[in-house]
Amino acid sequence: MRRGVTPAIGSRIVEVVRPRCSRKPIEIRPSLSAFRRRVRGATITGLARAGKRVVIWLDTEEAIVVEPRMTGLLLVVDPPTQEHLRWRLVLEGGSLGEMSYWDRRGLGSVRLFNRNEFQESFGPDRLGPDALGITAAVYRQQLGDSKREIKPALLDQRAVAGIGNLYASEILFVAGIHPQRRCSAMNHRQWQALSAATRSVLAEAIRYEGSTLGDGTYRNALNRQGGYQNHHRVYDRAGEVCGDCRSSRICRMVQNQRSTFYCSRCQKRTGARLA
DNA sequence: CCCCAGTCCTGCGGGC
DNA sequence: TGCCCGCAGGACTGGG
């Protein structure tokens, strides 16, 4: 998502539009009028990521932070439906005419922050080190003393930023670690396997432009489907034979009210696959 | 510290 | 066929 909107760098914001959409408006802070006053005429200087959020930096030293949650899309082309189009930036002076935020469920948000507010909301106290560059040492530093089970811990954005429910299952499978393994019981080899699996699974998923699941919602900034769903090893595959051991069937269980998928043969409660 | 249930929403697939 | 229920890529809050 972030890579797809990088062509917006250098463009100037002419207007902020909240399209007439038949759904309840998503959260936009501050109010639309204040938002407009602060960003009109500003130039986009950079596009960054803060965990799962896209950060649009402006030459005013303020940042528009888009948090797509489950079904939000940041688009540089026409959205899938007008009905769920929630917010739009009209741009000029660059290669893009506009940038849109589309969200079917509407759980996401678009918020404007100054530097201090940004630091408070997305500083190290609120957001852990980024998962894409995680190392065994950093994993152990963030989670090594925790008595929690590893899978719910991977979803804790304060511990490590950027891992969602789908990828937590995929990462643990590749690492060969059981989702109920306690963090504090993990050995050096397991942290090593986990960090290597985190980097490789996420890099692969990004290469395939993400996972477009059954409802077809997720799209990249060009409204194109991802391809990683065809490479899922365990997610949403309960009952299927494991592609690695070819003998056990993939299991589904619930941890902290969220689905976890795993292979009980490939992911033992102790030990780890070689990193 | 950590878990749990509930909350914000829409849409879908399955069971009856 | 139609309706109701449960569930979904997330994050946050209050209670225990």
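In what follows, every chain begins at residue 1, and chains take the letters A, B, ... in the order their sequences are listed. Bear in mind the structure is a predicted one, so any value in this text is a computation, not a measurement.
Here, C:dT1 and B:dT10 have their C1' atoms 23 Å apart, quoted to the whole Å. Comparing the same atom, C1', in B:dC3 and in C:dG9 gives a spacing of 22 Å after rounding to whole Å. Distance noted for atom P between C:dC7 and B:dC4: 15 Å (whole Å).
In this structure, A:Arg104 atom CZ and B:dC12 atom P are separated by 6 Å, rounded to whole Å. The CG atom of A:Asp215 sits 11 Å away from the C1' atom of B:dG13 (whole-angstrom rounding). Rounded to an integer number of Å, the gap from CD of A:Gln225 to P of C:dG9 is 18 Å. Distance, A:Glu120 CD to C:dC12 C1': 17 Å, rounded to whole Å. Between A:Lys147 atom NZ and B:dC1 atom C1' there is a gap of 9 Å when expressed in whole angstrom units. Atom CZ in A:Arg111 sits about 13 Å away from atom C1' in B:dC8, given to the nearest Å. When the C1' atom of C:dA8 is taken as reference, atom CG of A:Asn256 falls 17 Å away, rounded to whole Å. The distance between atom CG of A:Leu73 and atom P of B:dT10, rounded to the nearest whole Å, is 16 Å.
Under 3.5 Å, the side chains of A:Thr260 and A:Arg252 contain no donor-acceptor pair of N or O atoms. No hydrogens or angles considered: nothing links the side chains of A:Tyr228 and A:Thr212 as a donor-acceptor pair under 3.5 Å. For A:Thr81 and A:Trp102, the side-chain atoms include at least one donor-acceptor pair closer than 3.5 Å. With no hydrogens or angles considered, a side-chain donor-acceptor pair links A:Gln255 and A:Glu149 at under 3.5 Å.
Residues A:Arg105 and A:Leu155 each lie close to DNA chain C; by heavy-atom proximity, the contact nearer the 5' end of the strand is made by A:Arg105. Nearer to the 5' terminus of DNA chain B, by closest-nucleotide assignment, is the contact made by A:Pro152 (compared with the other of A:Leu107 and A:Pro152).
In terms of phosphate contacts, A:Arg69 brings no side-chain nitrogen or oxygen within less than 4.0 Å of OP1 or OP2 of C:dG9. Note on A:Tyr235: a side-chain N or O is less than 4.0 Å away from OP1 or OP2 of C:dG9. In this structure, A:Ser146 reaches the B:dC2 phosphate: one of its side-chain N or O atoms is under 4.0 Å from OP1 or OP2. Checking the phosphate oxygens (OP1, OP2) of C:dG9, no side-chain nitrogen or oxygen of A:Thr217 falls inside 4.0 Å. The side chain of A:Arg23 places no N or O atom within less than 4.0 Å of a non-bridging phosphate oxygen (OP1 or OP2) of B:dC8.
Proximity note for A:Gln257 (side chain, C-beta onward) versus C:dG10, C:dA8, B:dC4: the nearest is B:dC4. Distances were taken from every side-chain heavy atom of A:Ser259 (C-beta onward) to each of C:dA11, C:dG9, C:dA8; the shortest belongs to C:dA8. Relative to the side chain of A:Met70, the nucleotides C:dG9, B:dT10, B:dC3 differ in distance, and C:dG9 lies closest.
Under the Watson-Crick or G-U wobble criterion, with both distances below 3.5 Å, B:dC2 is paired with C:dG16.
Ion pairing between A:Arg249 and A:Glu240 fails under the 4.0 Å rule for side-chain N and carboxylate O.
As judged by a 4.0 angstrom heavy-atom cut-off over every strand, A:Gly106 is placed among residues making no nucleic acid contact. A:Arg53 comes within 4.0 angstrom of sugar-phosphate atoms only, judged by non-hydrogen atoms across all strands, and of no base. Residue contacts for A:Glu27: at a heavy-atom cut-off of 4.0 Å it reaches no nucleic acid atom on any strand shown. Among the atoms of the strands shown, only primed sugar atoms or phosphate atoms (P, OP1, OP2) are found under 4.0 Å from some heavy atom of A:Arg252.
With its glycosidic angle within 90° of 0, C:dG9 is assigned syn.
Exactly one residue among A:Cys251, A:Cys242, A:Ser247 makes a side chain to side chain contact (heavy atoms under 4.5 Å, CB included) with A:Cys263. That residue is A:Cys242.
A donor N or O paired with an acceptor N or O is not found under 3.5 Å between the base of C:dA11 and the side-chain atoms of A:Gln157.
Across every non-hydrogen atom of A:Ala63 and A:Phe118, the tightest pair is CB-CD1, 4.3 Å.
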